[in-house]
Amino acid sequence: PEPWARRVYMEAMAAGAILSEHKGRVMSLDFNGSGELMLSTGEDDRLCVYSCQSGQLQRAVQSPRYGVGIARFTHDPLSVICASRAGEAGAAGGAAGAAGGATG
């Protein structure tokens, strides 16, 4: 394409929002089936759900015992499934327990 076309294309790809809820790197992103909600997980062992329309945080769950890796919405638009990071170096480990501490 022409140089001007590349510039227009790049301008159209400007960031719509910056995820500032995570301390450290974002590990995964997913959108629910309707595109209304976005899910993110981070190195800080937090799982966050955002409204795509407002960009506001809707709910956050901390999982210090097992950590959070990749997370995805399920067929139910308000349910997610998440892989643990407990086996990774640097992730907190434990023998039993569940993620807790929902806020939002």
Side-chain angles (χ1 to χ4, degrees):
E2 298 294 324
W4 63 266
R6 284 191 291 253
R7 186 178 69 233
V8 170
Y9 181 72
M10 293 305 290
E11 289 173 1
M13 293 178 52
I18 297 173
L19 302 179
S20 59
E21 298 297 326
H22 291 290
K23 311 298 181 236
R25 292 186 295 181
V26 172
M27 304 293 288
S28 73
L29 292 174
D30 192 35
F31 295 89
N32 71 343
S34 67
E36 294 175 8
L37 299 173
M38 184 184 80
L39 168 70
S40 67
T41 63
E43 283 183 325
D44 58 357
D45 297 329
R46 285 177 53 134
L47 184 145
C48 298
V49 178
Y50 299 87
S51 163
C52 290
Q53 278 199 325
S54 70
Q56 298 296 309
L57 180 67
Q58 300 296 302
R59 180 168 300 272
V61 177
Q62 184 77 37
S63 180
R65 176 171 274 183
Y66 296 109
V68 289
I70 296 172
R72 297 288 182 254
F73 280 100
T74 66
H75 64 282
D76 176 8
L78 300 178
S79 297
V80 301
I81 188 166
C82 182
S84 167
R85 293 191 323 121
E88 294 182 19
T103 63

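Contacts of Glu43 classified as side-chain hydrogen bond (donor to acceptor under 3.5 Å, both in side chains), with partners at least two apart in sequence or in another chain: Arg25. Evaluation of the side-chain hydrogen bond (donor to acceptor under 3.5 Å, both in side chains) rule for Thr74 yields no partner, not counting sequence neighbours. A search for salt bridge (charged side-chain N to carboxylate O under 4.0 Å, His left out) contacts involving Glu36 returns nothing, not counting sequence neighbours. Residues passing the side-chain hydrogen bond (donor to acceptor under 3.5 Å, both in side chains) test with Ser20, sequence neighbours excluded: none. Partners of Gln53 according to the side-chain contact (heavy atoms from CB on, under 4.5 Å) rule, which considers only residues two or more places apart in sequence or in another chain, are Ser51.
Here the SG atom belonging to Cys52 is positioned 6.5 Å from the CG atom belonging to Leu37, to the nearest 0.5 angstrom. The structure places OG of Ser28 at 7.5 Å from CG of Leu47, a figure rounded to the nearest 0.5 Å.
Under the salt bridge (charged side-chain N to carboxylate O under 4.0 Å, His left out) criterion, no residue pair touches residues 71-84, with sequence neighbours excluded.
No continuous path of hydrophobic side-chain contacts links Ile70 to Phe31 [ILVMFWY only; heavy atoms under 4.5 Å].
Of all heavy-atom pairs between Tyr50 and Gly55, the closest is CD2-O, 3.9 Å.
Tested against Asp44 for a side chain to side chain contact (heavy atoms under 4.5 Å, CB included), the candidates Glu21, Met27, His22 yield a single pass: His22.
Side-chain contact between Arg46 and Val68 is absent, with no heavy-atom pair separated by less than 4.5 Å.
The closest donor-acceptor contact from the side chain of Asp30 to the backbone of Phe73 lies under 3.5 Å.
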